[in-house]
Enquirer: 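The structure follows.
Just the heavy atoms: all of them, side chains too, but no hydrogens, waters or symmetry mates, feed the values below.
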Amino acid sequence: MHDFIDEFSFAVLTTTDLTASHLPLLLKREEGEFGTLYGHLAKANNHWKSMDMQTLLVVFSGPHGYISPTWYDSYPAVPTWNYSAVHIKGEVTLTDEETTLQILTDTVKTYESNLLTPLDASDAEQQGFIPEDYKDKLSKAIIGFKITITEIEGKLKLGQHRSDADQQGVITGLSLSQRFDDKALLAYTKRHR
């Protein structure tokens, strides 16, 4: 499940007041019994005001898609949806400025590390480098938080209960689709078959 979170790190974070935010979260596996998630929100997003010291639900979604009953070798069959997800429950705590800046740095480092260190100073602007003073300015416009994971649950529905012939039919059906989601589900299904 930790590997899944690292691969599909864009999540939906929902608080008890049924407010949701969509954002990337970084996992530190070694912190806490089940790990700890780190992220940040813009101060302009009022969601952070209802988060501190609350229990919340975080949902990480992987590839998903419609599965036609016509793809199965077996009959009768019904349409379904294949998907993968990890659900997290945890306690959220807002972080101080220094930790928030580290969260921002770690997020950039995870997704595009070259923005933190230009190859050469004269080329920094062309490379999209984020100067320290600008990063400090950005950090004042965000609120950092950490989520201590208290429960973790994986959900994997890829038709693994179906016969080999049915599973092969799904792979064939997905491979004929032009939809991006179906292509992603096909690759994921092949990896986890």
Enquirer: Would Leu37 and Lys28 count as a side-chain contact (heavy atoms from CB on, under 4.5 Å) if you check the C-alpha gap in whole Å, the side-chain angles of each, and the deciding distance to 0.1 Å?
Expert: CA-CA 6 Å; Leu37 298 169; Lys28 295 214 176 174; over 6 Å; no
Enquirer: According to a 4.5 Å side-chain heavy-atom criterion applied to Ile, Leu, Val, Met, Phe, Trp and Tyr, with indirect links allowed, do Met51 and Leu26 form part of one hydrophobic cluster?
Expert: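 No, Met51 does not connect to Leu26 through the hydrophobic network.
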Enquirer: Let me have the donor-acceptor pairs involving side chains of residues 41-48, under 3.5 Å, with sequence neighbours excluded, atom names and distances please.
Expert:
| unit_1 | atom_1 | unit_2 | atom_2 | d |
| --- | --- | --- | --- | --- |
| Lys43 | NZ | Lys140 | O | 3.0 |
| Asn45 | OD1 | His47 | N | 3.0 |
| Asn45 | ND2 | Ser21 | OG | 3.2 |
| Asn46 | OD1 | Lys49 | NZ | 3.3 |
| His47 | ND1 | Ser21 | OG | 2.7 |
| His47 | NE2 | Thr15 | OG1 | 2.9 |
| His47 | NE2 | Thr19 | O | 3.3 |
| Trp48 | NE1 | Lys43 | O | 3.0 |
| Trp48 | NE1 | Asn45 | O | 3.4 |

Enquirer: Does any part of the side chain of Leu13, heavy atoms only, come nearer than 4.5 Å to the side chain of Phe145, both counted from C-beta?
Expert: yes
Enquirer: For Thr14 and Ala20, work out which heavy atoms get closest and say how close.
Expert: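 Thr14 and Ala20 have their closest heavy atoms at OG1-CB, 3.9 Å.
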Enquirer: Would Ile67 end up clustered with Leu186 when hydrophobic side chains under 4.5 Å apart are linked, directly or stepwise?
Expert: yes
Enquirer: Around atom CZ of Phe180, are there more than 12 heavy atoms from other residues, nucleotides or ligands closer than 6.0 Å?
Expert: no
Enquirer: For Tyr72 versus Val170, what's the shortest heavy-atom pair and its separation?
Expert: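 That would be CE2-CG2, 3.6 Å.
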Enquirer: Please check if atom CD in Glu30 has more than 12 non-hydrogen atoms from other residues, nucleotides or ligands closer than 6.0 Å.
Expert: yes
Enquirer: Just how far is it from atom CD of Glu33 to atom OG1 of Thr148, taken to the nearest 0.5 Å?
Expert: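 Spacing of CD (Glu33) from OG1 (Thr148) equals 11.5 Å.
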Enquirer: What pairs meet the salt bridge (Lys or Arg N to Asp or Glu O under 4.0 Å) rule with one or both residues in residues 70-84, with sequence neighbours excluded?
Expert: none
Enquirer: Minimum heavy-atom separation for Asp17 and Ser50, please, with both atom names.
Expert: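 Heavy-atom minimum between the residues: OD2-OG, 3.3 Å.
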Enquirer: Do the side chains of Ile88 and Met1 get nearer than 4.5 Å, heavy atoms only?
Expert: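 No - every pair of side-chain heavy atoms lies 4.5 Å or more apart.
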Enquirer: Under 6.0 Å from the NZ atom of Lys89, do we count more than 12 heavy atoms belonging to anything else shown?
Expert: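 No, not enclosed.
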Enquirer: Check whether Leu104 and Ile143 end up in the same hydrophobic cluster, where Ile, Leu, Val, Met, Phe, Trp and Tyr are linked by side-chain heavy atoms less than 4.5 Å apart.
Expert: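 No, separate clusters.
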Enquirer: Are Phe4 and Leu23 connected into the same hydrophobic cluster when the rule is that any two of I, L, V, M, F, W, Y join if their side-chain heavy atoms are below 4.5 Å apart?
Expert: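 Cluster IDs for Leu23 and Phe4 match.
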Enquirer: Going by heavy atoms in the side chains, are Thr36 and Ile149 under 4.5 Å from each other?
Expert: no
Enquirer: Could you check if a side-chain atom of Ile103 sits within less than 4.5 angstrom of a side-chain atom of Ile142, using non-hydrogen atoms only?
Expert: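 Side chain of Ile103 against side chain of Ile142, heavy atoms only: no contact under 4.5 Å found.
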Enquirer: Which heavy-atom pair separates Leu156 from Ser84 by the least distance, and what is that distance?
Expert: CD1-CB, 3.7 Å
Enquirer: Would you please name every residue forming a side-chain contact (heavy atoms from CB on, under 4.5 Å) with Ser9, sequence neighbours left out?
Expert: Tyr111
Enquirer: Decide whether Thr95 and Thr100 meet the rule of one side-chain donor and one side-chain acceptor closer than 3.5 Å.
Expert: yes
Enquirer: Mind checking side-chain contact (heavy atoms from CB on, under 4.5 Å) for Pro79 and listing every partner two or more places apart, or none if nothing turns up?
Expert: Tyr66, Pro69
Enquirer: Side-chain atoms of residues 171-178: list all donor-acceptor pairs with protein atoms under 3.5 Å, sequence neighbours left out, distances to 0.1 Å.
Expert:
| unit_1 | atom_1 | unit_2 | atom_2 | d |
| --- | --- | --- | --- | --- |
| Thr172 | OG1 | Gln168 | O | 3.1 |
| Ser175 | OG | Ile171 | O | 3.3 |
| Ser175 | OG | Thr172 | O | 2.7 |
| Ser177 | OG | Arg179 | N | 3.0 |
| Ser177 | OG | Asp182 | OD2 | 2.6 |

Enquirer: Kindly state each residue pair satisfying ring-ring contact (aromatic ring centres under 6.0 Å, His included) with at least one member in residues 18-45, sequence neighbours excluded.
Expert: none
Enquirer: Checking side-chain contact (heavy atoms from CB on, under 4.5 Å) for the pair Leu185/Asn82: CA distance, chi angles, key distance, verdict?
Expert: CA-CA 8 Å; Leu185 180 59; Asn82 281 4; 4.0 Å; yes
Enquirer: Check side-chain hydrogen bond (donor to acceptor under 3.5 Å, both in side chains) between Gln102 and all other residues, then give those that pass, not counting sequence neighbours.
Expert: Asp106
Enquirer: What side-chain donor-acceptor pairs closer than 3.5 Å can you find for residues 52-65, not counting sequence neighbours?
Expert:
| unit_1 | atom_1 | unit_2 | atom_2 | d |
| --- | --- | --- | --- | --- |
| Asp52 | OD1 | Leu94 | N | 3.0 |
| Thr55 | OG1 | Glu91 | OE1 | 3.3 |
| Thr55 | OG1 | Glu91 | OE2 | 2.5 |
| His64 | ND1 | Trp81 | NE1 | 3.2 |

Enquirer: A quick test of your reading: do over 12 heavy atoms of other residues, nucleotides or ligands sit less than 6.0 Å from CD of Glu97?
Expert: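 At most 12 heavy atoms, drawn from other residues, nucleotides or ligands, come within 6.0 Å of this atom.
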Enquirer: Within this structure, what is the CZ-OG1 distance for the pair Arg191 and Thr189, rounded to the nearest 0.5 Å?
Expert: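 Reported value, rounded in 0.5 Å steps: 10.0 Å.
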Enquirer: Please enumerate all residues that pass salt bridge (charged side-chain N to carboxylate O under 4.0 Å, His left out) together with Lys155, with sequence neighbours excluded.
Expert: Glu153
Enquirer: Run the salt bridge (charged side-chain N to carboxylate O under 4.0 Å, His left out) test against Asp3 and tell me which residues pass, sequence neighbours left out.
Expert: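 With sequence neighbours excluded, Asp3 shows a salt bridge (charged side-chain N to carboxylate O under 4.0 Å, His left out) to Arg29, given in chain and number order.
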Enquirer: Under the ring pair (Phe, Tyr, Trp, His ring centres under 6.0 Å) test, which residues partner His192, sequence neighbours left out?
Expert: Tyr188
Enquirer: Scan residues 156-167 for pairs that pass salt bridge (Lys or Arg N to Asp or Glu O under 4.0 Å), counting only residues two or more places apart or in two chains.
Expert: Arg162-Asp166
